[in-house]
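The chains referred to below are lettered A, B, ... by the order of the sequence lines, with proteins before strands, and numbering in each begins at 1. Worth knowing before you read on, the calculation uses all heavy atoms, side chains too, and leaves out hydrogens, waters and symmetry mates.
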Amino acid sequence: MPETSLKLFDSLTAQLQPFLARPTGEVGVYCCGPTVYDVAHVGHARAALAPDILVRHLRAEGYPVKYVRNITDVDDKILKRAAENQEDPLALSARMTVLYQQDVHALGCAPPDVEPKVSEHIGDIVQLISRLIERGAAYVVEEQGVRSVYYSVRAFPGYGKLSKRKIEELQVGARIEANETKRDPLDFALWKGCAETGWGWPSPWGKGRPGWHIECSAMSERHLGHGFDVHTGGMDLIFPHHENEIAQSEGAFPGEGPFVRTWIHNGFVNVDKEKMAKSLGNFVTIRQVYERNDPEALRYFLLSVHYRGPIAFETEKLPDERVIFPGIIEAERRVDYLYQTLARLRALAESDKTGTISTLPPSLAGYATLANEAVPRLRAALDDDLNTPVALSVIAEVAKAGNELCDLVQRKKDTLLLKLSPYVASRLAKALVDVTERLGLLQTMPATYTQRTQLQRLALRGLTAAAVDQKIADRAAARAAKDFARADAIRVELTAWNVEVFDTPTGTSWRLLA
RNA sequence: GGUGAGGUAGCCAAGUGGUUAGGCAACGGUUUGCAAAACCGUUAUACGCGGGUUCGAAUCCCGUCCUCACCUCCA
């Protein structure tokens with residue numbers, strides 16, 4: 001295993017802990033994936049992104065990683081929604097699973113190595129529940145011929161250690177649903193028995209389906225084993241979901257150490273200072289963002305705040321009733337900027353025929369130093385509990401230096417500078433790529449990105465490239481005739497379309513802004 | 001009530017004892033027919049409030065106010 005100075009904030013100990021991989025030759029990361037009863041919103045995007053950054057960083061540092069992100073495709077909410085739709089529950093969840101996969105893949109999140117589904121792990125779940133019953137940690141309750149299984153919370157001494165809750169305090173809020181038969185209000189369902197006509201799978205206790213929580217214990221055990229390295233999820237999962245996972249897994253394997261070595265929880269996406277949530281109705285789906293903005297802009301936006309802090313997602317209604325996302329637009333312009341910078345640097349670097357240069361004049365040495373230090377600085381930022389805002393600041397500095405170099409070359413006709421700058425540009429371009437790659441940014445060719453965003457922006461405004469080109473041609477004619485008043489009037493029209501006009505010695509180009 | 005997170009310049013956001021983080025906006029400049037983009041400069045000796053520790057505090061300690069979240073499904 002490689003050396004690392006990575007430190008992660010562990011929710012269990014509530015402290016920054018040095019990352020120490022378990023000695024199995026493979027780092028196990030488990031991300032609590034979505035319950036697929038509806039399309040995913042921006043909060044889900046954030047929850048998928050945090051482990052993606054961790055996994056990318058670990059891999060870049062040389063660790064073999066097994067990344068598991070589950071799909072909860074069996075759940076009461078799925079059952080309810082499917083009934084409303086008059087749809088088969090697994091058909092609904094399969095549909096939503098595909099949408100989720102598309103959404104997070106477009107976000108630039110590496111696909112998990114294993115994406116286990118509850119419906120395909122019923123056997124593991126039944127086995128784990130049986131084990132808990134054998135150990136006296138769970139019990140079967142029968143009512144009207146239907147048998148369910150509950151976890152006996154008081155039998156697990158460590159209950160509450162993750163969420164810092166005491167059993168006595170929990171009891172106040174706990175309650176028993178009308179149809180529940182558990183012995184203690186704190187107990188939770190491992191297996192929900194149902195009638196033969198209901199939605200379920202056979203089990204030693206009769207037909208039924210798993211309760212929420214048990215699937216993650218069973219599937220992580222199956223794919224990563226007990227005591228794996230990192231478990232991630234949103235902060236709202238700390239209680240009761242993750243607390244219950246600990247109770248289940250450690251209750252089933254006593255004496256085998258902690259269920260998980262490090263717990264990582266990401267903060268919420270807020271709308272008007274409130275958590276974005278289905279129940280509040282204030283959510284914006286990932287695909288709603290993609291309708292207006294590039295997926296990479298959403299990624300950049302989410303990375304601009306440390307994963308544990310809250311991030312404010314703004315929406316703004318324009319006079320024409322269109323809804324825009326100002327924060328995402330700002331992020332998209334930054335992504336534009338990075339791609340443009342990369343394209344500029346590569347254009348300059350193309351004429352590099354010098355090979356490696358050991359001695360650079362002072363005017364250029366600083367750029368080489370910055371290029372050399374970029375990756376170490378980025379690694380240090382990510383080592384510090386995945387500090388992506390600092391990582392983005394390193395990227396910003398590299399990009400700024402790259403543009404500065406390109407500007408310098410455009411203006412000065414210094415022979416030495418012209419001769420050596422392509423080499424320096426290639427160094428900066430490489431640094432920019434290396435550094436953005438670690439965050440999963442700039443993963444396409446600049447030209448591809450530009451084409452994709454320009455097409456989207458044209459479509460959003462109901463414009464065509466031909467219409468813009470016509471205006472540009474009219475303006476070029478006016479300029480050639482030195483009719484600057486007319487040329488400027490046309491430019492005002494173009495600006496109203498959000499088109500940015502760029503006159504160069506070789507002609508006029510344009511782009512549509514985000 | 002319990003538990004946790006957070007309050008940093010016009011806005012966003014890093015920073016946990018001592019050198020300008022970074023970004024956005026605005027304004028000034030380089031450039032340009034004029035612009036835009038890019039770059040430079042200014043806005044910025046900012047850290048919720050009140051005490052304390054220290055040569056020195058956004059950072060540590062005590063108190064206090066405010067916001068949000070979890071305690072019921074939630075990423």
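- Base pairing annotation: B/A44 forms no Watson-Crick or G-U wobble pair, as no partner gives both donor-acceptor distances under 3.5 Å.
- A gap of 24 Å separates the P atoms of B/U16 and B/G10, to the nearest Å.
- Panel note: side chain A/R299, backbone A/L107; a donor-acceptor pair is recorded below 3.5 Å.
- Less than 4.0 Å separates RNA chain B from at least one heavy atom of each of the following residues of residues 488-497 of chain A: A/D488, A/R491.
- Two residues are said to be in side-chain contact when any heavy atoms from C-beta on lie closer than 4.5 Å; A/V118 and A/P210 meet this criterion.
- The A/R479 side chain lies nearest to B/G33 when the options are B/C73, B/C71, B/G33.
- Counting any heavy atom pair closer than 4.0 Å across all strands shown, A/N387 reaches sugar-phosphate atoms only and no base atom.
- The distance from atom CG of A/L303 to atom P of B/A14 is 12 Å, rounded to the nearest whole Å.
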Please list every donor-acceptor pair under 3.5 Å in which a side-chain atom of residues 369-376 of chain A meets a protein atom from a residue at least two apart or in another chain.
| unit_1 | atom_1 | unit_2 | atom_2 | d |
| --- | --- | --- | --- | --- |
| A/T369 | OG1 | A/A365 | O | 3.0 |
| A/N372 | OD1 | A/R427 | NH2 | 2.3 |
| A/N372 | ND2 | A/A368 | O | 3.4 |

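- If you measure from atom NZ of A/K7 to atom C1' of B/G15, you get 16 Å, rounded to the nearest angstrom.
- Closest heavy-atom contact between A/L186 and A/D184: N-OD1, 2.8 Å.
- Using a 4.0 Å heavy-atom criterion, one finds that A/V305 contacts the sugar-phosphate atoms exclusively.
- Pairing for B/U30 goes to B/A38, judged as Watson-Crick or G-U wobble with the two contacts each under 3.5 Å.
- Annotation: ring pair (Phe, Tyr, Trp, His ring centres under 6.0 Å) contacts of A/Y67 (sequence neighbours excluded): none.
- For the pair A/R308 and A/F9, the cation-pi criterion (under 6.0 Å, within 45° of the ring axis) is fulfilled.
- Partner assigned to B/G63 is B/C49, using Watson-Crick or G-U wobble distances below 3.5 angstrom.
- A stacking contact links A/F484 to B/G33: the aromatic ring centre lies within less than 5.5 Å of the base's six-membered ring centre, and the planes differ by less than 30°.
- Classification of the A/F313-A/F301 ring pair by plane angle, with boundaries at 30° and 60°, yields perpendicular.
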Grab the N/O contacts between the protein and nucleotides 17-26 of chain B below 3.5 Å, and write none if there aren't any.
| unit_1 | atom_1 | unit_2 | atom_2 | d |
| --- | --- | --- | --- | --- |
| B/A21 | N3 | A/S393 | OG | 3.4 |
| B/G23 | OP1 | A/K400 | NZ | 3.3 |
| B/G23 | O3' | A/R334 | NH1 | 3.1 |
| B/C24 | OP1 | A/R334 | NH1 | 2.9 |
| B/C24 | O4' | A/E330 | OE2 | 3.1 |

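- Annotation: ring pair (Phe, Tyr, Trp, His ring centres under 6.0 Å) contacts of A/W263 (sequence neighbours excluded): A/H231, A/H242, A/F259, A/H265.
- Checking A/G233 against A/R344, the closest nucleotide of RNA chain B that is more toward the 5' end is the one next to A/R344.
- Counting distance only, with no hydrogens placed and no angle test, the side-chain atoms of A/R411 and the base atoms of B/U31 include no donor-acceptor pair under 3.5 Å.
- For A/E274 and B/C70, the CD to C1' distance is 14 Å, given to the nearest whole Å.
- A/I238 comes within 4.0 angstrom of no nucleic acid atom, judged by non-hydrogen atoms across all strands.
- For B/C24, the paired nucleotide is B/G10, the pair qualifying as Watson-Crick or G-U wobble because both relevant distances are below 3.5 Å.
- Applying the side-chain hydrogen bond (donor to acceptor under 3.5 Å, both in side chains) definition to pairs two or more places apart or across chains, those involving residues 476-486 of chain A are A/R479-A/D503.
- Between A/P89 and A/A82 the shortest heavy-atom distance is CA-CB, 3.6 Å.
- Residues A/C32 and A/I311 each lie close to RNA chain B; by heavy-atom proximity, the contact nearer the 5' end of the strand is made by A/I311.
- One can find a donor-acceptor pair under 3.5 Å joining the base of B/C34 and the side-chain atoms of A/D503.
- Note on A/K7 versus A/D383: no salt bridge recorded, every NZ/NE/NH1/NH2 to OD/OE distance being 4.0 Å or above.
- A side-chain hydrogen bond (donor to acceptor under 3.5 Å, both in side chains) check over residues 31-49 of chain A, counting only residues at least two apart or in different chains, returns the pairs A/D38-A/R81.
- Near RNA chain B, meaning a heavy atom under 4.0 Å from it, residues 38-46 of chain A has A/H41, A/G43, A/H44 in order of number.
- One atom, CG of A/N498, and another, P of B/A36, lie 15 Å apart when rounded to the nearest Å.
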Under-3.5 Å N/O pairs linking protein and nucleotides 2-5 of chain B:
| unit_1 | atom_1 | unit_2 | atom_2 | d |
| --- | --- | --- | --- | --- |
| B/G2 | O2' | A/E169 | OE1 | 2.7 |
| B/G2 | O2' | A/E169 | OE2 | 3.4 |
| B/G2 | N2 | A/R165 | NH2 | 3.1 |
| B/U3 | O2' | A/S163 | O | 3.4 |

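- Scored by the ring pair (Phe, Tyr, Trp, His ring centres under 6.0 Å) test, A/Y449 finds A/Y339 as partners (sequence neighbours excluded).
- If you take CG of A/L345 and P of B/A37, they are 19 Å apart, rounded to a whole angstrom.
- Side-chain N or O atoms of A/Y100 include none that pairs as donor or acceptor with a backbone N or O of A/V36 at under 3.5 Å.
- Nucleotides B/U43 and B/A9 have their P atoms positioned 16 Å apart, rounded to a whole Å.
- With a cut-off of 3.5 Å on both Watson-Crick or G-U wobble distances, the partner of B/A69 is given as B/U3.
- Residue contacts for A/N403: at a heavy-atom cut-off of 4.0 Å it reaches the sugar-phosphate backbone alone, with no base atom in range.
- Not a single ring pair (Phe, Tyr, Trp, His ring centres under 6.0 Å) links A/Y159 to another residue, sequence neighbours left out.
- A gap of 27 Å separates the C1' atoms of B/C61 and B/A21, to the nearest Å.
- The side-chain hydrogen bond (donor to acceptor under 3.5 Å, both in side chains) check on A/T341 picks up A/N403, with sequence neighbours excluded.
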